[in-house]
Amino acid sequence: MTGGVTSSLGKGIISSSLAKLLQSRGYRVTIQKLDPYINVDPGTLNPYEHGECYVTEDGAETDLDLGHYERFLNTSTSQENNVTTGRIYQSVIEKERRGDYLGKTVQVIPHITDEIKNRIRLVGKKYNYDIVITEIGGTVGDIESLPYIESVRQLKWDLGASNCLVIHLTLVPYLPTSGELKTKPTQHSVKLLQEAGIQPDVLVLRTQKTLTADIRKKVALFCNVELSSVIESVDAETIYDVPLLMLGEKLDETVLKKLELPLKQKPELKPWKDFLKRLKSPRYVVHIGLVGKYVELHDAYKSISESFTHAGAANECKVELEYIHSEYVTDENVAEKLEHLDGILVAPGFGSRGIEGKIIAARYAREHNIPYLGICLGMQCSVIEFARNVLGFKNANSTEMNRKTPYPVIDLMEEQKGVTAKGGTMRLGAYPCLINKESRVYKAYGTELVNERHRHRYEFNNTFLEDFKKAGMRAAGINPDTNLVEIMEIPSHRWYVGTQFHPEYRSTVLQPHPLFVSFVEAALRYAREKEGGQETAGTVKNSNKMEKASQNG
Ligand code: GLN
């Protein structure tokens, strides 16, 4: 899958949608992302650069598109699913130093391109997939994408036409002044591909307006593709509509035909459609504040906002997310910023910018009995807040923010002490967590042992665990192997939970994360109580004051 004309056309969503359709026909499919930048992985990138860093079960720090792949496919991705130029060069250079190419000049062609091709083939082989969709980051014509495009050209030759095809995603802009859809940018970007020796097999055209038969024909003729291989991708109400739009355009059939693979069965999409139905006709609305410091860029919290979409649909309710900049939350304005909310989420993050605002938000939620979910740094903030304001530990802090704090309630893990390199050195990936059966989160999970994904260096400091417990905040989940605290909660509060792990990485369309579902349910119940209703969330009838969700979401 390549992209043309401009970035942000949604290659990730088209790849995910195609994969979903192929999967629903009974194929084993995965999606891989190749990123042309030189960082070895996006773990060292500020979220302002490319949005959230997603984390896989096996601890890879990856591009946020992998989150879409998992949310659509409901299957795990792994280290092999995201490869960057940095990683490609790193392994080629390691091989060179080992002497693997002894005597040879190491070059972009064939050494870098071979490494790229190997990475594409490896993911399919290792996990025994029938089909691998490889998404090439960037836009054709970018200097840094050239080795990838060349690798695709070679791979097509290596594998043969029925084993490898190129889908090119481009834009057909609408010019309001002339009232026309324009195909020239698509023609130019296909020409760029052809210059690189690649004839795309399928074109997916992003457009604001439905394509006319004439436009389709024109694109097919000038870009040298079959008419049935010109696929329209019109702007959708939600990304979760796209698989059905692609089904309507027969993208799956076209692809399988070209790969000379049987259609197998009619796509089994009933659970997906049920989800869409719930998503589009919510009965209620809740307002949840997301307190974070990267709020200018919503992509920085992609998995969290998608988790709310899943959990909202599960509760037949639309979650209105309000992004609140933690740097500007103060003791003076906190009520004004948060009092109207039905739930407060304090987001993950690194470093001290905006930390005091997060601590103030955690305090406000605790003192005003507003449902609260703190994720990673958000959990750490609620612990710091509790230490300072309930336990009276003056200047309690995380040693990440203040190394000399008299009360290091959040502290560096033992194995992190002495680690200086920043890349790939955090506690990463899935770890087990044993849930206390008396806890609120046990009700949400309905099971005692869970696996959740991590990305952090600091932990709750167990020296203080008894103090917290006596004062009313307790560990609701513990790592059974290391005794590290995974979940803190306040049992006397309406719903106050902090997780050291990131539940948002595991929420999918077909399996919304239980903690998000439970949090939204608590927010909904709280909203009802504020309205004076007595019923529980699941059985509520309309209240005249309560805002009804609009039908179109
Ligand atoms: N900065 C904190 C740590 O490293 C929290 C990280 C996060 O929120 N992902 O422990």
Side-chain angles (χ1 to χ4, degrees), residues 41-57 59-62 64 67 290-295 297 299-305 307 326-327 344-359 361-362 372-385 387 396-403 405 408-431 433 452-462 464 477 479 482 484-488 497-507 513 515:
D41 63 44
T44 52
L45 291 173
N46 186 313
Y48 287 128
E49 299 277 315
H50 292 277
E52 156 192 292
C53 175
Y54 187 76
V55 179
T56 60
E57 286 295 289
E61 294 177 282
T62 75
L64 59 73
L290 189 160
V291 184
K293 66 170 169 176
Y294 306 113
V295 292
L297 183 73
D299 269 1
Y301 302 110
K302 195 78 207 163
S303 292
I304 293 177
S305 62
S307 299
S326 60
E327 253 188 304
I344 295 169
L345 182 140
V346 172
F350 294 85
S352 53
R353 182 170 69 95
I355 183 87
E356 291 303 323
K358 287 184 171 179
I359 292 171
Y372 177 89
L373 176 57
I375 298 180
C376 208
L377 185 62
M379 173 267 202
Q380 297 175 357
C381 286
S382 59
V383 165
I384 296 167
E385 182 286 306
N397 215 328
S398 159
T399 51
E400 181 183 7
M401 316 305 159
N402 174 5
R403 262 198 284 173
T405 169
V409 288
I410 304 291
D411 199 6
L412 207 54
M413 286 178 269
E414 207 47 50
E415 62 269 29
Q416 282 288 335
K417 294 180 178 159
V419 172
T420 51
K422 294 278 184 263
T425 54
M426 280 187 259
R427 181 184 178 199
L428 290 166
Y431 286 87
C433 168
E452 295 281 3
R453 300 185 199 175
H454 292 249
R455 182 173 186 250
H456 57 103
R457 293 182 203 283
Y458 293 82
E459 298 280 355
F460 181 85
N461 184 342
N462 274 334
F464 299 102
N479 180 317
T482 58
L484 289 170
V485 169
E486 302 282 2
I487 309 174
M488 286 299 259
V497 175
T499 64
Q500 187 55 77
F501 52 77
H502 291 258
E504 72 276 22
Y505 294 144
R506 280 208 319 124
S507 187
H513 195 285
L515 288 184

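Read the numbers this way: they start at 1 and go in the same order the structure lists the ligands and their atoms.
- Protein heavy atom closest to atom 5 (C) of ligand 1, with residue, atom name and distance, is G349 O, 3.3 Å.
- With hydrogens left out, the protein atom closest to atom 9 (N) of ligand 1 is R455 O, 2.9 Å, a heavy atom.
- Among the candidates E486, Q380, H454, the single residue satisfying the side-chain hydrogen bond (donor to acceptor under 3.5 Å, both in side chains) test with Q500 is Q380.
- H513 is listed as a side-chain neighbour of P503, based on a closest heavy-atom distance under 4.5 Å.
- Using a 4.5 Å heavy-atom threshold, the side chains of P408 and F464 count as touching.
- R457 N, 3.0 Å is the protein heavy atom nearest to atom 4 (O) of ligand 1.
- Under the 4.0 angstrom criterion for non-hydrogen atoms, H502 is in contact with ligand 1.
- For E400 (side chain) and G351 (main-chain N/O), a donor-acceptor pair under 3.5 Å exists by modelled atom type.
- Of the listed options H456, E400, M379, E400 places a heavy atom closest to atom 2 (C) of ligand 1.
- Annotation: atom 7 (C) of ligand 1 to nearest protein heavy atom, C376 SG, 3.0 Å.
- No N or O atom of I375 sits closer than 3.5 Å to an N or O atom of ligand 1.
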Show your reasoning for whether side chain to side chain donor-acceptor pair (under 3.5 Å) applies to E52 and S303.
CA-CA 8 Å; E52 156 192 292; S303 292; 2.6 Å; yes
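- Regarding atom 10 (O) of ligand 1, its nearest protein heavy-atom neighbour is Y458 N, 2.9 Å.
- Remark: distances from the non-hydrogen atoms of M426 to ligand 1 are all 4.0 Å or more.
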